[in-house]
Each structure stands twice: as structure tokens, then as C-alpha cells.
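Below is one structure, written out as C-alpha cells; comments come after it.
The structure presented is a predicted model; accordingly, all values stated were derived computationally and were not measured.
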2 protein chains.
Amino acid sequence: MICATLDLIANKWAVPIILTLARARAASPAPNGVPPLRFSELSRAIPLITQKELTKQLRALETAGLVGRRVHAAVPPKVEYWLTDLGLSLRPVLDELGKWAAKNGPRLARPNSKQADSARQEAAE
Amino acid sequence: MICATLDLIANKWAVPIILTLARARAASPAPNGVPPLRFSELSRAIPLITQKELTKQLRALETAGLVGRRVHAAVPPKVEYWLTDLGLSLRPVLDELGKWAAKNGPRLARPNSKQADSARQEAAE
DNA sequence: CTGCATCCTAGAAGATACTG
DNA sequence: CAGTATCTTCTAGGATGCAG
């Protein structure tokens, strides 16, 4: 079931979204409430993401319980998202991942490229 | 670039393969050489994987430097794989991931309705 | 402002058959 | 034994446009 967790965070935009929300949570000294981000704020904070993807990922993360969502029924619409405690508990995982990536990432020869790797030695015993 | 790392291990069979090789490395007291696994041994250890997928993933992991590969030019063919030190260094990451999954995984409401039928493979904890 | 619906393409992954 | 080679299906993800 470690794969279920991976499926959760391995999507292209899941990590940026989580980190953005985590930053928002850390940036504000909200004592009793978590400072939420609006949809448009998230969209601006992650410029390259599509609205569709942002929506989809937020739904997935919400379903998993990592992200909270509140709709303010008003005009104009206002929907806020925040990282739940469960979502925040992912930080050690992401940090560990980040540590490894920082250390070994630079050396990562692109993994899934179809580049014919010529430098594979065929040891003939 | 944390995403590059994720791309590496987020593939369906990457984790089972790495864990299998890691188990092989831990299981033997090889002092100067790492105990390798043959292609067929890997295939048997991960019964549900396709040959094509096994080959593809091994190539990707090899390119990334996580897995070593040695071909013995002989009949019958014999190709051995082992986890490199770099590959082994991923363990803390996977362990952290596993810890989180063990604690919060049971509560994960299906994120993308991804039926993980490979759960049989993950007795690593 | 939010976010659903629709169409589209590239790549992941499975099944099966064949080869040195 | 250790792979390639096809063929097929499925889904992630991008590009719109429309609606409440």
C-alpha cells in the first residue's frame, strides 16, 4: 500500500500544490484556524498548472483527506483550500525525498528517456 | 527536481523491484561483492510483472545508476542485477514513505480509484 | 471566480509471439 | 534464459470553451 501513497504524490502537480499549501500554513501565525488559499491564489502560485489539473488534484487530495475545502456561497464565488494535519504529516516524507533528490538528483541521468545508453559495459566473464 | 526522483520510483513496478533487490543485498553476507539476482529470479520474485516491464524498469533504474547489470556471455545466457550503493541510499526515503503509508494508508479513501492489486508484493516493513 | 465538459495526444502498461 | 517486437488498452495531462 506504499504504492497508494506514491500514487497520491506522484502526480505531476501534487507536490507543488502540497508545498504551496504547506508554505501558506507555515507563513501565517494563525492560532486557531489554518490560513486558507483561494483557488485563484493557488492558480497564481503555480503558474504553469491548468485549471483542470488544479481542480482534479485538489479533489484527489481532498478525497484523500490531505486538503480541506470550504465553499463560500456568494457572488463572486470563493473557494478556499488548506492543508490538513494529515497533509502536513507528509512533510517528513517530502523532506526525505527532497534530501535525496538534492544529493543525488544532479547525477540522475534522465530515467525514462529513450536515449540509447551506449556506455553499458558487457562484461564477458 | 524532486519530481525527477518521484518519476523514478513512482512507476508501478519500480518499488517492488528495488525492494526485492534490497532484500537480496541484505540477505547475504557478501563482504566484497554484492549478491546479484538473475533476471529469472527477479521475475519469479515479482510474479505479476511482465517481462517487458521488468526489462524496461531495470533499464531505467540502471540508467539512473540505482541498479547494476552484468552480462555473462555464455550459453545459457545469464544476466545479473544488483542494487548499487546509490540504489541502497533510497531506503530511508522508501522507509519514510512506508512509515507514513502504514500509519495513514488504511484511511486513504481511494484517490484515483487505483486498485492496487500488487499489494501482495509489499510485505516489506 | 470557480470549475465542469469536451476533445486530443503521448506515454504507461498488459498480452502475446518470436529470437540468439 | 533473457530478452525484443507488435498490438492494444488505459489514463495522465494539456487546450480549449461554457456555466453558475
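When the options A:Glu41, A:Arg69, A:Arg70, A:Glu62 are evaluated for a side-chain hydrogen bond (donor to acceptor under 3.5 Å, both in side chains) with A:Tyr81, the one that passes is A:Arg69.
For A:Leu54 and C:dT2, the CG to P distance is 10 Å, given to the nearest whole Å. Between the CD1 atom of B:Ile46 and the P atom of D:dA2 there is a distance of 14 Å, given to the nearest Å. Per the geometry, CZ belonging to A:Arg70 stands 15 Å off P belonging to C:dT2, to the nearest Å. Following rounding to the nearest Å, A:Phe39 (CZ) and C:dT2 (P) show an atom-to-atom distance of 7 Å. Rounded to whole Å, the distance from CZ on A:Arg44 to C1' on C:dC1 is 11 Å. Rounded to an integer number of Å, the gap from B:Asp7 CG to D:dA12 P is 14 Å. Taking atom CD of B:Glu62 as the reference point, atom P of D:dA2 lies 15 Å away to the nearest angstrom.
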Would you please test A:Asp85 and A:Arg25 for side-chain contact (heavy atoms from CB on, under 4.5 Å) and show each step?
CA-CA 10 Å; A:Asp85 290 335; A:Arg25 231 190 112 144; 3.0 Å; yes
Verdict with reasoning, A:Asp7 to B:Lys12, per salt bridge (Lys or Arg N to Asp or Glu O under 4.0 Å):
CA-CA 9 Å; A:Asp7 281 345; B:Lys12 184 170 182 183; over 6 Å; no
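Within the structure, a side-chain polar atom (N or O) of B:Arg59 is placed less than 4.0 Å from OP1 or OP2 of D:dT4. Within the structure, every side-chain polar atom (N or O) of B:Arg38 is placed at least 4.0 Å from both OP1 and OP2 of D:dC1. For the pair B:Arg69 and D:dG3, the criterion of a side-chain N or O lying under 4.0 Å from OP1 or OP2 is met. Phosphate contact (OP1/OP2 of C:dT2, side-chain N/O of A:Ser40, threshold under 4.0 Å): present. Between D:dC1 and B:Tyr81, no contact under 4.0 Å exists linking OP1 or OP2 to a side-chain N or O.
Between A:Val79 and A:Arg38 the shortest side-chain heavy-atom distance does not fall below 4.5 Å. Proximity of B:Val93 to A:Val93: side-chain heavy atoms (C-beta onward) are nowhere separated by under 4.5 Å. For the pair A:Arg91/A:Leu19, a side-chain contact is recorded, criterion being any heavy-atom separation below 4.5 Å from C-beta on.
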For every nucleotide of nucleotides 13-20 of chain C, 5' to 3': is a protein heavy atom under 4.0 Å from its base (B), only from its sugar-phosphate (S), or from neither (-)?
BBB----B
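Under the 3.5 Å distance criterion, with hydrogens and angles disregarded, no donor-acceptor pair is assigned to the side chains of B:Thr5 and A:Trp100.
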